[in-house]
Amino acid sequence: MKFRHTLQTEKTKGMAEDSQGELSDEDDELCPVECVREFRTDEEFFRILEKAKETDSLVVVDFYRTSCGSCKYIQQGFAKLCRGSGDQEAPIIFLKHNVIDEYDEPSEFAEKLRIKAVPLFHFYKDGVLLEAFPTRDKDRIVAAILRYSSLTPQSF
């Protein structure tokens, strides 16, 4: 099964608008054209990793905090990378996770991963963490994406 990056059905568009970027159990395909999508639980994340294995996709995760200035700075660049890779039909899934929950406490997932610094980026392939680093440098993120995907520098 390959991602269909340039086509998006009305049903998929509607789901994206209804969920405002959040994942639901009704999502059958994860299309990078939807751009950066937020997950909240480790169950959601592991489900995404399993689907990514089936399609040999790279999974890029932005761990952030809403009160973090550096996180806000890199978020726009990260979204542009996501849209650009979708245009190039690259099998990449862009995700984000707020490390602070609705009670202003560290999220369970962030605690399990022992995340202490944000913005932090993880790169997964075949369910395995290949690289992780904190940064607000878009070029560093691009370099990692190029290392682990089929994109070329001209894609960005």
Side-chain angles (χ1 to χ4, degrees), residues 2-6 8 16 19-23 27 29-53 55-156:
K2 288 286 181 190
F3 284 119
R4 293 172 13 138
H5 303 272
T6 54
Q8 184 179 26
S19 66
Q20 297 179 359
E22 296 174 15
L23 297 172
D27 292 336
E29 292 185 10
L30 296 171
C31 181
V33 169
E34 292 292 304
C35 253
V36 184
R37 302 185 67 188
E38 183 142 14
F39 68 94
R40 297 183 194 273
T41 66
D42 51 350
E43 291 86 13
E44 286 177 286
F45 179 69
F46 293 122
R47 183 176 55 83
I48 294 165
L49 282 186
E50 284 304 310
K51 282 208 177 264
K53 277 192 219 179
T55 57
D56 195 35
S57 297
L58 175 67
V59 177
V60 183
V61 185
D62 172 12
F63 292 96
Y64 74 97
R65 249 187 7 246
T66 55
S67 62
C68 167
S70 292
C71 299
K72 291 175 187 173
Y73 173 83
I74 195 62
Q75 248 177 358
Q76 289 179 337
F78 191 59
K80 287 178 185 174
L81 290 175
C82 179
R83 283 190 291 277
S85 72
D87 292 343
Q88 299 299 318
E89 299 190 15
I92 303 174
I93 298 169
F94 289 81
L95 301 173
K96 64 183 179 179
H97 178 75
N98 187 352
V99 299
I100 302 297
D101 68 14
E102 63 271 15
Y103 305 108
D104 289 330
E105 298 288 331
S107 72
E108 285 184 34
F109 190 67
E111 281 189 337
K112 286 179 184 178
L113 294 180
R114 296 183 180 155
I115 294 174
K116 302 292 183 204
V118 291
L120 176 70
F121 291 85
H122 280 194
F123 301 83
Y124 295 86
K125 188 82 172 209
D126 296 321
V128 175
L129 177 62
L130 303 172
E131 188 170 355
F133 51 81
T135 191
R136 59 177 268 162
D137 180 0
K138 183 178 162 187
D139 291 337
R140 188 168 179 199
I141 298 165
V142 167
I145 290 171
L146 293 173
R147 247 189 319 278
Y148 304 119
S149 75
S150 59
L151 287 180
T152 62
Q154 294 78 23
S155 301
F156 298 102

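A quick note: this is a predicted structure, and the numbers were derived from the prediction, not measured.
Within the 4.5 Å cutoff, side-chain heavy atoms of V60 are placed close to those of F78. Within the 4.5 Å cutoff, no side-chain heavy atoms of I92 are placed close to those of V59. Using a 4.5 Å heavy-atom threshold, the side chains of K125 and D56 count as touching.
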Quick one, E50 with K53, criterion salt bridge (Lys or Arg N to Asp or Glu O under 4.0 Å). Give me CA distance, side-chain angles, the key distance, then yes/no.
CA-CA 5 Å; E50 284 304 310; K53 277 192 219 179; 3.1 Å; yes
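Ring pair F109/F45 is tilted by interplanar angle, where 30° to 60° counts as tilted.
Residue A144 comes nearest to E131 through the heavy atom pair CB-OE1, 4.1 Å, listed as atom of the first residue, atom of the second, then distance. Across D104 and I100, no two heavy atoms sit closer than the pair CA-CG2, 3.5 Å. Smallest separation of non-hydrogen atoms from F39 and E44: C-OE1, 3.8 Å. Nearest heavy atom pair, residue I74 against residue K138, reads CD1-N, 3.8 Å. Shown here for V36 and A79, the closest heavy-atom pair between the two residues is CG2-CA, 4.0 Å. The nearest pair of heavy atoms linking P134 to R140 is O-NH1, 3.6 Å.
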Could you list the donor-acceptor pairs under 3.5 angstrom formed between side-chain atoms of residues 112-123 and any protein atom two or more places apart in sequence or on another chain?
from: K112; atom 1: NZ; to: D42; atom 2: OD2; distance (Å): 2.4
from: H122; atom 1: ND1; to: Y124; atom 2: OH; distance (Å): 2.9

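Rounding to the nearest 0.5 Å gives a distance of 9.5 Å between SG of C35 and CG of L81. Atom OG in S57 sits 11.0 Å away from atom CG in L49 (nearest 0.5 Å). Distance CD/Q75 to NZ/K72: 9.0 Å, rounded to 0.5 Å. Rounding to the nearest 0.5 angstrom, the gap separating the CZ atom in R40 from the NZ atom in K96 is 9.5 Å. Atom OG of residue S150 and atom CG of residue L58 lie 9.5 Å apart, to the nearest 0.5 angstrom.
Not counting sequence neighbours, the partners of S67 by the side-chain contact (heavy atoms from CB on, under 4.5 Å) test are R65. The salt bridge (Lys or Arg N to Asp or Glu O under 4.0 Å) check on E102 picks up nothing, with sequence neighbours excluded.
A donor-acceptor contact shorter than 3.5 Å is absent between the side chain of D126 and the backbone of V128.
Other residues, nucleotides and ligands contribute at most 12 non-hydrogen atoms within 6.0 Å of the OH atom of Y73.
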